[in-house]
Amino acid sequence: MRLSRGFLPTLKEVPAEAQIASHRLMLRAGLVRQTSAGIYAWLPVGLRVLRNIEQIVREEQNAIGAQEVLMPTVQSSELWKRSGRYDAYGPEMLRIRDRQDRELLYGPTNEEMITDLFGQVIKSYRELPQALYHVQWKFRDELRPRFGVMRGREFFMKDAYSFDASYEDAVATYRRMMLAYLRTFQRLGVRAVPMKADTGPIGGDLSHEFLVLAPTGESGVFFDAALEEQDWLHENVDIADHASLEVFFNGVTRFYAATDEMHDETSWEDVPADRRREGRGIEVGHIFYFGTKYTESMGISVSGPDGAQFFPEMGSYGIGVSRLVGAVIEASHDEAGIIWPDSVAPYRAAILSLKPGDEAVDALCERLYGAAPDAFLYDDRSERAGVKFNDADLMGHPWQMIVGPRGAKEGKVELKRRATGERFELTAEDALAKVL
Ligand SMILES: Nc1ncnc2c1ncn2[C@@H]1O[C@H](COS(=O)(=O)NC(=O)[C@@H](N)CS)[C@@H](O)[C@H]1O
């Protein structure tokens, strides 16, 4: 994108209510704009990051055999009355009346809807297991939305739902999802620590949440440093084999990790002192096993091998896709601005022309930009160099390709790595080879 024509309103100052780094930086870097309390418009550059995160989440769900669907945001209250959650869910539920005065709602989650859809399609244990997910906007009428997109009222979530023939199969699915989550967050360039969690309104008795370590996290966390050092992408697990999944799961859960609600001092004593980590975390994912809570309450059964009906065992698995945009920034920024991990960055590089109008500079910039226009943010504005450097550091592209009059005469580009500040003097070809 050419910055001179971009819809990219960077800001010098931000409103007072933006206290934490990610909220301030998302506004200053022109990624989002608030349209009402807890509800945001995603501007072009912010939307590119949201889509990059969504795609990595999607790939890791597909890799474990989950099938993507897309359920609507507006739901009938009838489904929630069948499960008994319509009243139990409380004031967070946005309730709507249509022109026929029918009771609808803007979905905060989709257990009821997916279970109803499953029941319409699957009739026999032979068709199990099923794992279905979608990435869809949710609404929860938070009393105090804050921290920007981190705790919004309308937010983007990947929510997956699984249906198994037995408890053992459901536990294997749960463990498969845990591996998919650990791989997802590692690919996003953040360290997310899995912790035993409380189950809350979703229900069930087996639950873990995944917390990205950041000083502004809402949860206090206590964990064994060993959990930060694993390479989940190269963890050798046969996801079709229950025994292999059990070894993986025990390999994760043998390390102590708990949020402050679940923290247990005596177990904490067992962690070697030099491996004890305390801090704050941002919950970016939460997985639940809750058995037949919804299949039973909604009367959704399938026929078993003996012909008798039984209620499938379920779990649900959420990732906060829009929250992750903020969480990644919280985990990866400095005083100059955002430092995007390569995997989620909106662009590979910013091309900074230090002298628009200079023939050699323009020619070299157009050559770089022309090589991969969708990969670059080309700062072709007639602004001073200092403004361009500051804006590039603020926006956090992994690379800056700096083109000045002297270098351009020799066909040279100065390359700067945002995360380390490392600089390289290269030809256009070598710079492109390094960046793309
Ligand atoms: N108000 C919110 N704003 C942004 N993200 C949120 C908000 N509430 C929850 N999330 C994200 O959504 C994830 C899943 O939400 S949840 O309530 O824990 N789980 C569910 O809703 C289950 N139905 C998962 S399928 C959370 O881990 C969090 O990352």
Side-chain angles (χ1 to χ4, degrees), residues 20 22-23 26 32 34 37-40 42 50 53-54 57 61 66 68-69 71 73 75 79-80 83 85 89-94 106-115 118 131-163 173-174 177-178 180-181 184-185 188 190 192-195 197-204 206-212 214 217-219 259 261 281-290 293-294 314-328 330-331:
I20 65 169
S22 58
H23 190 187
M26 287 184 76
V32 293
Q34 180 173 310
I39 302 176
Y40 289 82
W42 289 80
L50 188 72
I53 292 174
E54 174 188 353
V57 170
Q61 292 293 290
E68 184 169 10
V69 298
M71 288 178 271
T73 53
Q75 303 184 22
L79 284 174
W80 290 70
S83 72
R85 274 207 301 183
Y89 205 88
E92 275 192 5
M93 180 180 277
L94 183 68
Y106 191 116
T109 184
N110 286 68
E111 280 80 3
E112 283 78 1
M113 183 175 280
I114 196 66
T115 304
F118 167 88
L132 304 167
Y133 75 94
H134 70 161
V135 193
Q136 181 56 289
W137 294 94
K138 303 285 187 295
F139 197 93
R140 293 181 187 177
D141 201 353
E142 302 273 351
L143 198 56
R144 274 185 311 284
R146 60 185 183 282
F147 301 160
V149 300
M150 210 85 93
R151 178 166 291 284
R153 291 198 298 162
E154 183 174 43
F155 60 98
F156 205 39
M157 185 205 289
K158 183 286 298 180
D159 36 321
Y161 303 89
S162 60
F163 301 83
T173 298
Y174 183 92
M177 273 290 176
M178 177 177 276
Y181 273 46
T184 301
F185 299 128
L188 292 176
V190 292
V193 177
M195 305 191 168
D198 188 13
T199 54
I202 307 283
L206 172 59
S207 176
H208 283 80
E209 55 190 12
F210 298 77
L211 287 94
V212 163
E218 291 191 303
S219 313
T259 54
E261 293 110 58
I282 301 166
E283 182 202 312
V284 292
H286 199 155
I287 62 176
F288 305 79
Y289 159 74
F290 45 67
K293 175 176 165 89
Y294 296 93
M314 285 184 69
S316 71
Y317 316 85
I319 289 182
V321 174
S322 52
R323 175 176 287 185
L324 269 161
V325 179
V328 167
E330 285 301 326

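Order of listing sets the numbers, starting from 1, for every ligand and every atom in it.
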Item to complete: Under 4.0 Å, heavy atoms only, figure out whether ligand 1 is touched by the backbone of E111, its side chain, both or neither.
Response: side chain

Discussion item. If the cut-off is 4.0 Å to any non-hydrogen atom of V284, which atoms of ligand 1 fall inside it?
Written reply: 27 (O), 29 (O)

Discussion item. For T109, which part has a heavy atom under 4.0 Å from ligand 1: side chain, backbone, both, or neither?
Written reply: side chain

Item to complete: Give the contacting part of K138 toward ligand 1: side chain, backbone, both or neither, where contact means a heavy-atom distance below 4.0 Å.
Response: neither

Worksheet item: Are H286 and F288 an aromatic pair by the rule of ring centers under 6.0 Å?
Response: yes

Worksheet entry | salt bridge (charged side-chain N to carboxylate O under 4.0 Å, His left out) between E111 and K293, intermediate numbers included | CA-CA 10 Å; E111 280 80 3; K293 175 176 165 89; over 6 Å; no

Practice prompt. Ignoring hydrogens and angles, tell me if any N or O in the side chain of T73 forms a donor-acceptor pair with the backbone of W137 under 3.5 Å.
Written response: no

Item to complete: Could you tell me whether V149 approaches ligand 1 through its side chain, its backbone, both or neither, with non-hydrogen atoms closer than 4.0 Å?
Response: backbone

Worksheet entry | Distance in Å, F156 CZ paired with W42 CH2, rounded so as to fall on 0.5 Å steps | 9.5 Å

Fill in: Proximal atoms of ligand 1 relative to F288 (non-hydrogen, under 4.0 Å)
19 (N)

Fill in: Within-shell test, F156 vs ligand 1, heavy atom, strictly < 4.0 Å
no

Worksheet, complete the sentence: Of E209, H286, R140, the one whose closest heavy atom lies nearest atom 20 (C) of ligand 1 is R140

Worksheet item: At a non-hydrogen distance cut-off of under 4.0 Å, which region of Y317 contacts ligand 1 (side chain, backbone, both, or neither)?
Response: backbone

Worksheet, complete the sentence: Separation between CD1 (I287) and CG (L206), nearest 0.5 Å, reads 7.0 Å

Discussion item. Any salt bridge linking R146 with E218? Criterion: basic side-chain nitrogen under 4.0 Å from a carboxylate oxygen.
Written reply: yes

Discussion item. Strictly distance-based, threshold 3.5 Å: is any side-chain N or O of S162 a donor or acceptor partner for the main-chain N or O of G315?
Written reply: yes

Worksheet item: Atoms of ligand 1 less than 4.0 Å from D159 heavy atoms?
Response: 25 (S)

Worksheet item: Measuring from the heavy atoms of G285, does anything fall under 4.0 Å of ligand 1?
Response: yes

Practice prompt. Using atom types as modelled and distance alone, determine if a side-chain donor or acceptor of R323 lies under 3.5 Å from a backbone N or O of V149.
Written response: no

Worksheet item: Any donor-acceptor pair under 3.5 Å linking the side chain of Y181 with the backbone of P194?
Response: no

Practice prompt. Give the atoms of ligand 1, by number and element, whose distance to some non-hydrogen atom of E283 is under 4.0 Å.
Written response: 18 (O), 26 (C), 27 (O), 28 (C), 29 (O)

Worksheet item: Are any of the N/O atoms in P108 less than 3.5 Å from those in ligand 1?
Response: no

Fill in: Options M157, M150, R151, ranked by nearest heavy atom to atom 14 (C) of ligand 1, top entry
M157

Practice prompt. Could you tell me whether K138 and E154 have a side-chain N and a carboxylate O separated by less than 4.0 Å?
Written response: no

Fill in: Winner among G38, G320, G318 once heavy atoms are compared against atom 24 (C) of ligand 1
G318

Fill in: With K158, the side chain to side chain donor-acceptor pair (under 3.5 Å) member among H134, Q61, Q136
Q61

Fill in: Heavy atom of Y161, distance to ligand 1 below 4.0 Å
yes

Worksheet item: With a 4.0 Å heavy-atom cut-off (strictly under), which part of R323 contacts ligand 1: side chain, backbone, both or neither?
Response: side chain

